[in-house]
A.B. asks: 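Here it is: the structure, laid out below.
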Amino acid sequence: MTDIMGLLGAEAGGLLQHVCKGIPRESLHLPGPDFVDRIVAGSDRSPGVMRSLQQLFDHGRLAGTGYLSILPVDQGIEHSAGASFAKNPLYFDPENIVKLAVEGGCNAVASTLGVLGACSRKYAHRIPFVLKFNHNEFLTYPNKYDQIFFAGIKQAKDLGAVAVGATIYFGSPESGRQIVEVSEAFRAAHEMGMATVLWCYLRNPAFKRDKDYHVAADLTGQANHLGVTIEADIIKQKLPENNGGYLALNTKEAPYGKSDKRMYSELASDHPIDLTRYQVANCYLGRSGLINSGGASGENDLHDAVRTAVINKRAGGMGLISGRKAFQKPMKDGVTLLNAIQDVYLSPSVAIA
């Protein structure tokens with residue numbers, strides 16, 4: 001097992017011993033082996049959707065725990081193939097992306113129509129597929145930020161996917177259209193028996209001020225709440241790094257949003273687990289699982305990935321979805337990193353705060 005305390009270093013005590021007081025763990029719908037029976041079965045989800053969710057929960061090293069470790073690789077579109085795969089050109093081949101997820105013991109692999117379609121017949125029965133059907137096209141000059149459909153829901157069903165995924169850029173001028181489009185696509189996916197995963201990302205230049213409020217707990221929490229409103233079964237969100245986005249953006253000259261001082265004084269402190277707990281609360285207190293993203297690859301990927309996993313698990317989240325930290329290095333090292341993330345969720349010493 002991974003040396004979790006050793007990797008956390010000086011942060012170990014503060015992360016592993018923290019107790020959330022604003023939103024207590026007793027109020028949460030926590031992940032567990034019976035999550036589908038305990039939480040999903042009482043909803044309007046069909047038996048097909050419940051079966052698909054159970055397939056996600058029953059695969060890989062975390063099978064039977066109620067936690068998820070997902071490998072997402074749509075960077076060939078989102079960040080250009082060259083920028084994404086130059087470090088490791090073998091991942092230009094879609095099969096190697098799926099192989100990394102299989103060898104890394106993931107619950108699922110999330111990728112594009114092209115990637116999953118290229119090796120569907122060989123792997124769709126070996127690891128659950130999540131087809132990400134919209135992407136930011138990053139070739140138009142000058143670059144623009146919008147999510148457009150690259151695939152249809154029936155295509156996801158036909159290639160054997162158990163779930164579909166999408167991004168909405170909440171806060172952007174295009175978000176209204178994206179909400180309508182994705183909501184309708186999620187309805188179709190549920191009718192076909194597939195689960196839904198929503199990348200609830202913020203996108204607006206105005207959110208960058210004295211801090212980058214794209215990762216503020218209050219704003220990302222509200223994005224999560226909008227995501228579960230359109231029946232996303234699983235919410236993907238960046239780990240929060242600060243709070244007070246509503247307060248910073250709301251001025252007398254330009255009123256913005258609605259907030260309550262208790263969001264900052266009672267429900268959350270500045271502790272990263274409290275900030276993430278607020279994200280979980282906005283996912284209907286955990287009825288829709290929160291998976292945090294692993295972020296870009298950097299100098300201390302193993303430490304950063306384990307730290308994020310500890311924060312997510314202790315906050316009441318459902319797992320991690322980490323791509324660049326895993327595929328932008330040799331496959332053996334990518335497997336090691338994915339296994340380290342999974343070890344956090346397998347470790348009884350990392351308990352809910």
A.B. asks: Is the closest side-chain heavy-atom distance between Val109 and Tyr123 below 4.5 Å?
C.D. replies: no

A.B. asks: Do the ring centers of Phe57 and Tyr67 come within less than 6.0 Å of each other?
C.D. replies: no

A.B. asks: Between Asn243 and Tyr264, is there a side-chain heavy-atom distance shorter than 4.5 Å?
C.D. replies: yes

A.B. asks: Is Arg203 reaching over with its side chain to a backbone N or O of Ser175, donor-acceptor style, under 3.5 angstrom?
C.D. replies: no

A.B. asks: Is the shortest side-chain N to carboxylate O distance from Asp274 to Lys21 below 4.0 Å?
C.D. replies: no

A.B. asks: Spell out, as yes or no, whether a donor-acceptor pair under 3.5 Å connects the side chain of Asp212 to the backbone of Arg209.
C.D. replies: no

A.B. asks: Any non-hydrogen side-chain atom of Asn250 less than 4.5 Å from a side-chain atom of Ser259?
C.D. replies: no

A.B. asks: Is a side-chain donor or acceptor of His225 paired with a backbone partner of Ala281 at a separation under 3.5 angstrom?
C.D. replies: no

A.B. asks: Please say whether more than 12 non-hydrogen atoms of neighbouring residues, nucleotides or ligands are located less than 6.0 Å from CG in Asp270.
C.D. replies: no

A.B. asks: Search all heavy atoms of Ala268 against all heavy atoms of Leu275 and return the closest pair with its distance.
C.D. replies: CB-CD2, 4.5 Å

A.B. asks: Would you please name every residue forming a side-chain hydrogen bond (donor to acceptor under 3.5 Å, both in side chains) with Lys236, sequence neighbours left out?
C.D. replies: Tyr201

A.B. asks: Side-chain heavy atoms under 4.5 Å apart, restricted to Ile/Leu/Val/Met/Phe/Trp/Tyr: what other residues fall into the cluster of Val215, or is it alone?
C.D. replies: none

A.B. asks: Without swapping roles, check the side chain of Glu137 against the backbone of Asp146 for a donor-acceptor pair under 3.5 Å.
C.D. replies: no

A.B. asks: For residues 332-340, tabulate all N or O donor-acceptor pairs below 3.5 Å that involve a side-chain atom, not counting sequence neighbours.
C.D. replies:
| residue | atom | partner | partner atom | Å |
| --- | --- | --- | --- | --- |
| Thr336 | OG1 | Lys332 | O | 3.1 |
| Asn339 | ND2 | Gly104 | O | 3.0 |
| Asn339 | ND2 | Gln342 | OE1 | 3.1 |

A.B. asks: Is it the case that Asp44 and His190 place a side-chain donor and acceptor less than 3.5 Å from each other?
C.D. replies: no

A.B. asks: May I ask you to check whether over 12 heavy atoms, not counting those of Met192, lie within 6.0 Å of atom CE?
C.D. replies: yes

A.B. asks: Grab the two heavy atoms, one from Gly6 and one from Asp3, that are nearest each other, plus how far apart they are.
C.D. replies: N-OD1, 3.0 Å

A.B. asks: What about Leu7 and Ile273, same hydrophobic cluster or not, with Ile/Leu/Val/Met/Phe/Trp/Tyr joined at side-chain heavy-atom distances under 4.5 Å?
C.D. replies: yes

A.B. asks: What pair of heavy atoms forms the shortest contact from Ala189 to Val164, and how long is it?
C.D. replies: CB-CG2, 3.6 Å

A.B. asks: Has the side chain of Asp301 got a donor or acceptor atom that lies under 3.5 Å from a matching backbone atom of Gly298?
C.D. replies: yes

A.B. asks: Extract all donor-acceptor atom pairs below 3.5 Å that involve side chains of residues 147-154 and protein atoms in other chains or at least two apart in sequence.
C.D. replies:
| residue | atom | partner | partner atom | Å |
| --- | --- | --- | --- | --- |
| Gln147 | OE1 | His135 | N | 3.2 |
| Gln147 | NE2 | Tyr169 | OH | 3.3 |
| Lys154 | NZ | Asp158 | OD1 | 3.4 |
| Lys154 | NZ | Asp158 | OD2 | 2.9 |

A.B. asks: Could you pull out all residues at least two apart from Arg187 that satisfy side-chain hydrogen bond (donor to acceptor under 3.5 Å, both in side chains)?
C.D. replies: Glu184, Glu191

A.B. asks: Say whether, by atom type as modelled, one donor and one acceptor occur between the side chain of Asn224 and the main chain of Asn282 under 3.5 angstrom.
C.D. replies: no

A.B. asks: Determine whether Ile234 and Ile321 make a side-chain contact, defined as any pair of heavy atoms from C-beta on separated by less than 4.5 Å.
C.D. replies: no

A.B. asks: Are any side-chain N or O atoms of Ser120 and backbone N or O atoms of Leu159, one a donor and one an acceptor, separated by less than 3.5 Å?
C.D. replies: yes

A.B. asks: Looking at the rings of Tyr91 and Phe85, which for Trp means the six-membered one, are their centres under 6.0 Å apart?
C.D. replies: no

A.B. asks: Are Pro272 and Leu239 close enough that some pair of their side-chain heavy atoms sits under 4.5 Å apart?
C.D. replies: no

A.B. asks: Which heavy atom in Ala232 sits nearest to a heavy atom in Ser288, and how many Å separate them?
C.D. replies: O-OG, 3.0 Å

A.B. asks: Quick check against the 3.5 Å criterion: does Asn107 have a side-chain atom that pairs as donor or acceptor with the backbone of Ile70?
C.D. replies: no

A.B. asks: So, Gln279 and Asn292: side-chain donor and acceptor under 3.5 Å apart, yes or no?
C.D. replies: yes

A.B. asks: For the hydrophobic clusters of this structure (ILVMFWY residues joined by side-chain heavy atoms under 4.5 Å, transitively), does one cluster hold both Leu30 and Ile291?
C.D. replies: no

A.B. asks: What I'd like to find out is whether the side chain of Leu202 reaches to under 4.5 Å of the side chain of Asn204, using heavy atoms alone.
C.D. replies: no

A.B. asks: With the 4.5 Å side-chain cut-off for hydrophobic clustering, are Phe133 and Met194 part of the same group?
C.D. replies: yes

A.B. asks: Would you indicate whether the side-chain heavy atoms of Tyr345 and Asn312 approach each other to under 4.5 Å?
C.D. replies: yes

A.B. asks: Closer than 3.5 angstrom, by distance alone: can the side chain of Ser27 be matched with the main-chain N or O of Ile23 as a donor-acceptor pair?
C.D. replies: no

A.B. asks: Do you know the tightest heavy-atom contact between Lys144 and Phe138?
C.D. replies: O-CD1, 4.1 Å

A.B. asks: Sort out for me which residue in Arg277, Met318, Gln237 forms a side-chain contact (heavy atoms from CB on, under 4.5 Å) with Leu290.
C.D. replies: Gln237

A.B. asks: Quick one, Asp233 and Val40 - any side-chain contact, counting heavy atoms below 4.5 Å?
C.D. replies: no

A.B. asks: Any link between Phe207 and Tyr278 through a network of hydrophobic side chains (Ile, Leu, Val, Met, Phe, Trp, Tyr) touching at under 4.5 Å?
C.D. replies: yes

A.B. asks: Tell me the closest heavy-atom pair linking Leu28 and Gly316, and the distance in Å.
C.D. replies: CD1-CA, 4.2 Å

A.B. asks: Quick one: CG on Asp304 to OG on Ser322, what's the gap to the nearest 0.5 Å?
C.D. replies: 10.0 Å

A.B. asks: Starting from Ile235, can I reach Val130 by hopping between I/L/V/M/F/W/Y residues whose side chains sit under 4.5 Å apart?
C.D. replies: no

A.B. asks: Under the rule for ring pair (Phe, Tyr, Trp, His ring centres under 6.0 Å), what residues qualify as partners of Tyr246, not counting sequence neighbours?
C.D. replies: Tyr256

A.B. asks: Starting at CG of Leu320, measure out to CG of Leu62 and round the result to the nearest 0.5 Å.
C.D. replies: 10.5 Å

A.B. asks: Would you find a donor on one side and an acceptor on the other, under 3.5 Å apart, between the side chain of Lys313 and the backbone of Ser347?
C.D. replies: yes

